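Treat the numbers as computed from the prediction; the structure is a model and nothing was measured. Letters go in sequence order (proteins before strands), and every chain restarts at 1.
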There are 2 protein chains.
Amino acid sequence: MSEPAVAPGRPRGGRRDEILATFTRHVAERGYDRANFGDVAAELGMSKGTIVHHFGTKDRMLAEVQERYMRRRLDEAHGFLARLAAPAERIAAFVHAGVRYSVDEPATTVAFQREVVRLTDEPGMETARAQRDAYRDLVVAVLHDGEAAGVFVPGDARLRSLQMFGSLHWMWTWFDPRGRRSAADVAAEFCRTLLRGLGVDEPTLAAAADPDGPVARCVAEVCAPRS
Amino acid sequence: MSEPAVAPGRPRGGRRDEILATFTRHVAERGYDRANFGDVAAELGMSKGTIVHHFGTKDRMLAEVQERYMRRRLDEAHGFLARLAAPAERIAAFVHAGVRYSVDEPATTVAFQREVVRLTDEPGMETARAQRDAYRDLVVAVLHDGEAAGVFVPGDARLRSLQMFGSLHWMWTWFDPRGRRSAADVAAEFCRTLLRGLGVDEPTLAAAADPDGPVARCVAEVCAPRS
DNA sequence: GTGGACTGACCGCACGTACGGGCAGAGTAG
DNA sequence: CTACTCTGCCCGTACGTGCGGTCAGTCCAC
């Protein structure tokens with residue numbers, strides 16, 4: 001490798017992050033089962049053994065991808081929940097954030113969404129699963145709050161959260177950041193239909209869905225410093 | 001095998017359907033990549049060679065699963081579209097039907113939804129992809145009709161169809177037919193939120209979402225003769 | 001005889017990963 | 001400064017296994 005500046009004397013890491021990023025991209029493009037050490041190593045000009053050295057097993061590698069992803073999502077969610085109080089705005093923020101991720105970190109997002117199913121049963125995924133559940137519970141709580149406040153019409157909050165996550169998690173199968181529909185378009189349309197479906201009045205939902213509105217701007221600020 | 005009645009002298013097929021059903025179940029449980037001929041053959045008490053004899057390759061087997069599934073869905077869709085005229089009822093029918101399938105044919109549905117992504121690029125999937133596109137176009141057309149008729153508020157029909165399919169296609173990751181929430185509950189909640197989000201008035205959407213209402217009954221009749 | 005259903009042994013390959021060793025920098029004693 | 005050692009990153013290879021697919025041949029119905 002013609003990598004001159006590997007920051008000599010680097011305590012931890014080295015090419016670790018590089019490996020994880022490439023692996024993530026391969027998982028996004030082919031799925032976990034078809035992603036393999038050989039291709040990742042070849043692309044990085046290193047040996048398969050190096051990858052094993054850093055991560056041990058393929059399972060653990062995926063687990064680390066999932067955990068890092070969910071940690072960022074959780075941090076970000078706490079960030080905009082702290083700045084937005086109204087339930088309608090909070091739900092809109094979750095939608096804007098969910099769509100944003102497909103653009104900000106397409107590989108990680110697709111990798112996560114393709115392989116979410118492994119969170120349910122696979123061993124070694126307990127942490128990531130707990131994070132995912134925590135995230136969903138944040139949404140459910142907001143739905144309950146909105147219902148209690150009379151902003152949302154009564155309904156099954158859990159089912160509604162699953163309906164919402166379904167729309168967002170399915171995006172990886174069709175969304176193209178360079179396609180005709182921009183992320184802002186998608187977020188706005190999803191917000192409008194969802195919030196209207198929850199019983200939010202038109203002026204409120206129009207403001208919350210607006211790609212240039214306060215909610216979208218708040219989410220952009222929170223998500224901007226991509227860690 | 002203690003299978004006495006294999007209908008001796010069966011012209012075509014023989015154990016063909018049986019093989020396809022078992023393969024489908026394995027794909028549903030483990031995903032396409034982890035499903036293999038050996039396990040299917042062992043479960044059916046036959047040789048791997050028999051499976052190859054009937055289907056040639058694994059790819060073609062999956063393609064056949066997808067095509068059969070989509071054919072049934074298309075037939076069924078044309079069935080209820082012929083009996084229901086109002087756009088709101090038609091959309092509700094698509095939702096009821098989508099949820100029903102997770103109960104009527106859980107294995108095939110999960111297998112299809114897990115592996116839909118292969119429809120987009122994989123060669124040999126042209127037929128299934130065309131069927132999938134045709135199905136989506138049916139929904140988009142209904143959304144346009146409803147918009148033109150003033151029943152739905154204006155919006156991006158394509159995006160709305162994707163939002164709707166996302167909710168339904170994601171079900172395989174969480175829905176349990178024997179769980180606390182029945183398919184009827186899910187369909188009703190999804191219908192209400194979606195139709196309200198499209199701007200349908202409360203009495204109309206309540207009737208269309210009702211698990212015992214005319215729309216759900218119509219869908220049940222059309223889907224009943226499971227081919 | 002003819003043709004389709006089915007068998008079971010076998011092939012080749014791809015992939016995860018175990019293992020032994022090389023090498024460069026940091027710390028330390030002299 | 002030098003020499004030695006320790007440590008962590010990295011390499012290359014080799015191994016075991018699992019799996020898709022091939023093939024020659026048997027059995028059986030017509």
> Can you tell me how far P of C/dA14 sits from CZ of B/R34, to the nearest Å?
Replying inline: 19 Å
> Roughly, in whole Å, what's the span from CZ in A/R16 to C1' in D/dC10?
Replying inline: 15 Å
> Charged N to carboxylate O under 4.0 angstrom, A/E189 versus A/R181?
Replying inline: no
> Knowing that exactly one of A/R30, A/R114, A/R34 qualifies, which makes a salt bridge (charged side-chain N to carboxylate O under 4.0 Å, His left out) with B/D33?
Replying inline: A/R34
> Can you check the B/R30 CZ to D/dC19 C1' distance for me, whole Å?
Replying inline: 13 Å
> Rounded to the Å, how far apart are A/I19 CD1 and D/dC10 C1'?
Replying inline: 10 Å
> To the nearest angstrom, how far is A/F55 atom CZ from D/dC9 atom P?
Replying inline: 11 Å
> Taking only N and O in the side chain of A/T50, is any of them less than 4.0 Å away from OP1 or OP2 of D/dC11?
Replying inline: yes
> Any donor and acceptor pair, going by atom type alone, linking the side chain of B/R90 with main-chain N or O of B/L81 inside 3.5 Å?
Replying inline: yes
> B/R15 CZ to C/dC6 C1': how many Å, rounded?
Replying inline: 10 Å
>> Assess whether a salt bridge exists between A/E43 and A/R25, defined as any Lys/Arg side-chain N lying under 4.0 Å from an Asp/Glu carboxylate O.
In response: yes
> Rounding to a whole Å, what distance do you find between A/E18:CD and D/dC10:C1'?
Replying inline: 13 Å
>> Has B/T109 got a side-chain atom pairing as donor or acceptor with B/Y101's backbone, closer than 3.5 angstrom?
In response: yes
> OP1, OP2 of C/dG4 versus side-chain N and O of B/H53: anything below 4.0 Å?
Replying inline: no
> So, the side chain of B/R129 versus the backbone of B/L119: is there a donor-acceptor pair under 3.5 Å, distance only?
Replying inline: yes
Any N/O pairs under 3.5 Å between the protein and nucleotides 17-21 of chain C? List them or say none.
{"from": "C/dT17", "atom 1": "OP2", "to": "A/K58", "atom 2": "N", "distance (Å)": "3.0"}
{"from": "C/dT17", "atom 1": "O4", "to": "A/K48", "atom 2": "NZ", "distance (Å)": "2.8"}

> How is A/A41 classified with respect to the nucleic acid when contacts are heavy atoms under 4.0 Å: base, sugar-phosphate, or nothing?
Replying inline: nothing
> CD1 of A/I51 versus P of D/dG8: gap in Å, rounded?
Replying inline: 21 Å
> Are A/M125 and A/L62 side-chain neighbours, meaning at least one heavy-atom pair lies under 4.5 Å?
Replying inline: yes
